[in-house]
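In what follows, chains are A, B, ... by sequence order, proteins preceding strands, each numbered from 1.
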2 protein chains.
Amino acid sequence: MTYSNKEQFYLAVDCVIFGFDNDCLKLLLYKRDFEPEKGKWSLMGGFLRNEETLDEAAHRVLARITGLRDIYLEQLGAFSELNRDPAARVVSIGYFALINIHDYNVNLLKQYGAEWFGINELPALIFDHADIVDKSLRRLKRKAKNQPIGFELLPDHFTITQLRNLYEAIYQSKLDPANFRRKILSMDLLDRLPIKDMNSSRKGSFLYAFNQAKYDRLTAMGFSFDISGL
Amino acid sequence: MTYSNKEQFYLAVDCVIFGFDNDCLKLLLYKRDFEPEKGKWSLMGGFLRNEETLDEAAHRVLARITGLRDIYLEQLGAFSELNRDPAARVVSIGYFALINIHDYNVNLLKQYGAEWFGINELPALIFDHADIVDKSLRRLKRKAKNQPIGFELLPDHFTITQLRNLYEAIYQSKLDPANFRRKILSMDLLDRLPIKDMNSSRKGSFLYAFNQAKYDRLTAMGFSFDISGL
DNA sequence: CCAAAAGTGTTCCAATTACACCCATGC
DNA sequence: GCATGGGTGTAATTGGAACACTTTTGG
């Protein structure tokens, strides 16, 4: 082998899984089921295998705990501090995933001892997983401004108020309801459904759906999503 | 070993090295000096070693070809397609570096057969290095809007026109000289030196220096660099 | 004096902000 | 009827875009 004098490394993926529960941004964590640090709270992770890419490994890991395929998934970067895992030199590739919090397989979650934690109420995490969470939060805040990824965290049908609550949870700040509504609707990315959600108010509020085709068409014409300011 | 049933991988770093030569953004490439693909144009790279982090490996690689330490360096992400390197399964971590193009060690460059190429005149590259270059260009364009990293590509003292030329090279579009000057100076990040550069015009133009301390102070107060629009 | 780049002034327009106000309905 | 969140209207302000104009000095 050409590179046989070079060293080799264990490669892992660790996934930061975001969900949104009406007014609070949450992370899915599980109790690690092998040594070292068995029983401690951890990101969902796994080792890379020879026959797969890193993206495939991350999807495999996500499917194992949530039962979901076709999840929004994005690579964060590599974490390579020498003693991040005390048992061996392991380089980990962080990923962050956005899922609809009501969409997962409850049985799998129970089986793995997984739980949702509010972003401000996280338990202690093993290794450098808190760093990975930090980085993914920063990434989420940045990307949510310039790309319509927030919708990945909502059900297919949602009210403008729910969408605003999501952005308020991500940026931990209040947004003006009137201006937010106008700005979002002015982009013409949402279809208003002929259905009202009657739970949130007497008057009821219309449900909307994100229209990916419209977004793609506008993007091709030079449009770019932007909710900065607000 | 706890993980002894897991597979291991070669890990490499590959560096996209940017420079700016008055009106053109350039990349530093070299002729690969080992098999496979020996003699072909390649990003500067190297294998990760046991005793170093990925960032350290990237700095080591950069110092080898440029002689420079303390370079602006940022991780791009991991590239893990199965056959990206036909000789073996190698996962590569891409980096991008910004250097002052007049600051490198000419002898080292000669020794490695390295050359600067205009960003629009790149030769064919080995493996997936063109993908890594693409990604770093997109990253540079994004980051240069929101962080004052452009200065890494300029000499310590520069004119406003040189700075504008740099942004015009990055975004491949013309900027209004009057508005650009006002916007940059209004941020109050530059110190005007009592020196004029007399080469560019009869009147001469003042030299400026980026003031990192001012930037840090403003940033701490909630300021954020932004040259979007223009 | 003139060319050419540096640098200043000014107008116009569109987007953001802040907040007042109207609407529909279950109780 | 009235409280509540949904939704619309609007005046004031800001900041970007465009471009005319002034400055300086080597030839």
S.K.: Please examine the side chains of B:I160 and B:F180, heavy atoms only from C-beta on, and report whether any two atoms are closer than 4.5 Å.
M.R.: yes
S.K.: Report the distance from atom NZ of B:K145 to atom P of D:dG16, rounded to the nearest whole Å.
M.R.: 14 Å
S.K.: Between D:dG26 atom P and B:R202 atom CZ, what is the distance in whole Å?
M.R.: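 Answer to the nearest Å: 8 Å.
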S.K.: Using OP1 and OP2 only, check whether a side-chain N or O of A:T161 sits under 4.0 Å from D:dG5.
M.R.: no
S.K.: Atom CZ of A:F180 to atom P of D:dG7: distance rounded to whole Å?
M.R.: 13 Å
S.K.: For B:N199 and C:dA5, what is the distance between atoms CG and P respectively, to the nearest whole Å?
M.R.: 13 Å
S.K.: Would you mind reading off the distance between B:K196 atom NZ and D:dG26 atom C1', rounded to a whole angstrom?
M.R.: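 Between C1' of D:dG26 and NZ of B:K196: 14 Å.
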S.K.: Quick one, give me the B/S/- string for nucleotides 8-14 of chain D, reading 5' to 3', where B means a protein heavy atom under 4.0 Å from the base and S means that only happens at the primed atoms, P, OP1 or OP2.
M.R.: BBB----
S.K.: What is the distance from CG of B:L163 to C1' of C:dA5, rounded to the nearest Å?
M.R.: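 For the pair B:L163 CG and C:dA5 C1', the rounded distance is 17 Å.
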S.K.: Can we say A:D128 and A:K135 salt-bridge, meaning some charged N sits less than 4.0 Å from an Asp/Glu carboxylate O?
M.R.: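 Salt bridge flag = no for A:K135 with A:D128.
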S.K.: Do any side-chain atoms of residues 214-223 of chain A form donor-acceptor pairs under 3.5 angstrom with protein atoms, and if so which ones, sequence neighbours left out?
M.R.:
unit_1, atom_1, unit_2, atom_2, d
A:K214, NZ, A:D191, OD1, 3.1
A:D216, OD1, A:Q212, NE2, 3.0
A:T219, OG1, A:Y215, O, 2.7

S.K.: Show every salt bridge (charged side-chain N to carboxylate O under 4.0 Å, His left out) that has at least one partner inside residues 64-78 of chain B, sequence neighbours left out.
M.R.: B:E74-B:R139, B:E74-B:K143
S.K.: Return all side-chain donor-acceptor pairs below 3.5 angstrom for residues 110-125 of chain A, not counting sequence neighbours, or 'none' if the list is empty.
M.R.:
none

S.K.: Starting the side chain at C-beta, find the nucleotide from C:dA6, C:dA18, C:dA3 nearest to A:D176.
M.R.: C:dA18
S.K.: For A:D197 and C:dT25, give me the distance from atom CG to atom P, rounded to whole Å.
M.R.: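 So the CG-P distance, A:D197 to C:dT25, works out to 14 Å.
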S.K.: Can you name the residues that form a salt bridge (charged side-chain N to carboxylate O under 4.0 Å, His left out) with A:E168, not counting sequence neighbours?
M.R.: A:R164, A:K174
S.K.: Which residue, B:K203 or A:S205, contacts DNA chain D at a nucleotide closer to its 5' end, judged by nearest heavy atom?
M.R.: A:S205
S.K.: Atom CZ of B:F158 to atom C1' of C:dA6: distance rounded to whole Å?
M.R.: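 Distance, rounded to whole Å: 16 Å.
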S.K.: Among the candidates C:dG7, C:dC19, D:dG6, find the nucleotide nearest to the side-chain atoms of B:F206.
M.R.: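 The nucleotide sitting nearest to the side chain is C:dG7.
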S.K.: Run the side-chain donor-acceptor check on residues 16-28 of chain B: report pairs under 3.5 Å with partners two or more places apart or on a different chain.
M.R.:
unit_1, atom_1, unit_2, atom_2, d
B:D21, OD2, B:K26, NZ, 3.4

